[in-house]
Number of protein chains: 2
Amino acid sequence: MSARTSDSSREIPEATVARLPIYLRALTTLVEQGTATCSSEELAAAAGVNSAKLRKDLSYLGSYGTRGVGYDVDYLRYQIAREIGVTQDWPVVIVGIGNLGHALANFSGFRSRGFRVVALLDADPERRGERVAGVDVRDFADLDAIVREHGVAIGVIATPASAAQDVADRMVEAGISSILNFAPTVISVADGVDVRKVDLSIELQILAYHEQRKQAEATTRVASEVTA
Amino acid sequence: MSARTSDSSREIPEATVARLPIYLRALTTLVEQGTATCSSEELAAAAGVNSAKLRKDLSYLGSYGTRGVGYDVDYLRYQIAREIGVTQDWPVVIVGIGNLGHALANFSGFRSRGFRVVALLDADPERRGERVAGVDVRDFADLDAIVREHGVAIGVIATPASAAQDVADRMVEAGISSILNFAPTVISVADGVDVRKVDLSIELQILAYHEQRKQAEATTRVASEVTA
DNA sequence: ACGATTTTGTTCTCCCGTTCACAAACTCCT
DNA sequence: AGGAGTTTGTGAACGGGAGAACAAAATCGT
Ligand SMILES: NC(=O)c1ccc[n+]([C@@H]2O[C@H](COP(=O)([O-])OP(=O)(O)OC[C@H]3O[C@@H](n4cnc5c(N)ncnc54)[C@H](O)[C@@H]3O)[C@@H](O)[C@H]2O)c1
Ligand SMILES: NC(=O)c1ccc[n+]([C@@H]2O[C@H](COP(=O)([O-])OP(=O)(O)OC[C@H]3O[C@@H](n4cnc5c(N)ncnc54)[C@H](O)[C@@H]3O)[C@@H](O)[C@H]2O)c1
């Protein structure tokens, strides 16, 4: 028997995967408000998307709604959490405990959303011994042991850009196969390793581009009104 | 004469706009290394994209390369910077000076990439008087005055999610028209205002999804090898 | 029991973005 | 000068995602 497609064979489009966490969050808010059911229209509004898109996204997971009624908030929330994989807890290591690393280590959203910081690592001996949010800062050289011990699959890079590629290489070597990179540099990894980046400067520059356009637009409008 | 399209009328696709900052960074690195010219192949490799895509992206800005030679690194860098709008300096305000706000205020990448933090604002009186990276933490109520004084167009939200929508509303009211939101919540704004979000939890959850897939895949592969 | 009403799940169409492939344009060497 | 070699800029084909629109399925009221 050929197991060509895996048993949970539904292939979920990347664009949909990126939105599932948003739906999950919106549903969690609804649960906290005591809402039992909601329509695709309501949930879409809460998530800031088109309702047709929401329904299509959910249809990739299965048929969890009831026509004429809507979705059971708690049930749908569980189904999405299961699909994403956050019903289990993911151990995470953070490398580079400077300004940003401290903020990340203190970030409560990790724990509450299915992630657990099992180690904080830094190359600088000065940093060590410090305790951030209940976790000791340890030597970067301990990476292998920690990954093996906790079965860590996800690593966060918060070092300067110059160190990011090296850290990524060491992570992959240690067995990590998903990396979230905060350093402003492109890192390359072997096939099968996922890298996502969070880049403040890029986001600001995108905003600046549109801002410039808006301002140019406003200027030419005024100019043309004057000449009219 | 109808000024239907603005004078710099080239409409740059959103996907391209999002990549221009990456090219800009790669070019800056090349300049620092003393490289005078580079081919689309080299630059694409540095930026982590396909070279055909790079060339098409650059073609929206104009024809700045030389066939058979490549691109003049410094010239192209300037052209991209101008197109994005980072040849001028953009004043920025950060609201919510907690863990993350401190890290952002200390982030050197702001200054070096065409942005200047002109104010740090917090609603908590306890925070005030503190000086972070040479800027005083001030009352959130001062927002209007600061925006007017410095002509601020870009605002960064680093408050808890519960305050984000309110902060966004106040920002827009004050005249800000581009917002970078770090709070894990959807904020809605009037037409003409751009919002971009940076969301750590979402990024981690996307990684978790793929990680789960990889692990399931590995398990079924082992299983089928055993039965084979 | 049955029609009116609501809301999902899905099909169909359009558009944007990616990639291939190649002619045009430039350099360099003889 | 001219041909060989390189590299850009772009036309064309292709794939995936967004949104409109609607049939199917459920509830509710009578
Ligand atoms: N601070 C921010 O708000 C912010 C925002 C966006 C991006 N970033 C990026 O995040 C990264 C970290 O920023 P930061 O402000 O925290 O910098 P930082 O200098 O305060 O901290 C960097 C830390 O990484 C450690 N480090 C350096 N090399 C290392 C290595 N090879 N292995 C392990 N640890 C190593 C250093 O000892 C230091 O503690 C930078 O790349 C920065 O550009 C920061
Ligand atoms: N710490 C992180 O690494 C991290 C990562 C991702 C996202 N976030 C998000 O960023 C936000 C800030 O995180 P944090 O860890 O810095 O939280 P924090 O509680 O340390 O800081 C929040 C700050 O916002 C201020 N504030 C609250 N309401 C305000 C208002 N109405 N106007 C102005 N200021 C107000 C508070 O006084 C406080 O100083 C949160 O939404 C968090 O979920 C944080």
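Just so it is clear, the model here is predicted, and its values are computed rather than measured.
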Could you tell me whether [X] and [Y] have a side-chain N and a carboxylate O separated by less than 4.0 Å?
X	Y	value
R77(A)	D72(A)	no
R19(A)	E14(A)	no
R170(B)	D144(B)	no

Closest-nucleotide 5' rank along DNA chain C - winner of V69(A) and S59(A): V69(A)
Student check: side-chain heavy atoms of V86(A) and Y209(B) closer than 4.5 Å: no
Check: V92(A) and R116(A) side chains under 4.5 Å, non-hydrogen atoms: no
Whichever of G68(A) and R19(A) has its nearest DNA chain D nucleotide further upstream toward 5': R19(A)
Residue whose nearest DNA chain D nucleotide is more 5′ - E14(A) or T66(A): E14(A)
[X] [atom1] - [N] [atom2] separation (whole Å):
X	N	atom1	atom2	value
R55(A)	dG17(D)	CZ	P	19 Å
Y75(B)	dT8(D)	OH	P	16 Å
L58(A)	dA18(D)	CG	C1'	15 Å
I12(B)	dC16(C)	CD1	C1'	16 Å
Y71(A)	dA26(D)	OH	P	14 Å
L54(B)	dT19(C)	CG	C1'	13 Å
R67(B)	dA25(C)	CZ	P	6 Å
L76(A)	dT8(C)	CG	P	11 Å

Touch class at under 4.0 angstrom, heavy-atom based, for Y64(A) against every strand present: sugar-phosphate
N50(B) side chain near dC20(C) phosphate (N/O to OP1/OP2, under 4.0 Å): yes
N or O in side chain of S63(A) less than 4.0 angstrom from dG9(C) OP1/OP2: yes
Heavy-atom donor-acceptor pair, K56(A) side-chain to dG19(D) base, under 3.5 Å: yes
Pairs where residues 171-195 of chain A contributes a residue and the test salt bridge (Lys or Arg N to Asp or Glu O under 4.0 Å) is met, not counting sequence neighbours: D194(A)-K214(B)
Residues touching DNA chain C, which here means a heavy atom under 4.0 Å, drawn from residues 34-48 of chain A: S39(A), S40(A)
Q215(B) versus W90(A), closest heavy-atom pair with distance: NE2-CZ3, 3.7 Å
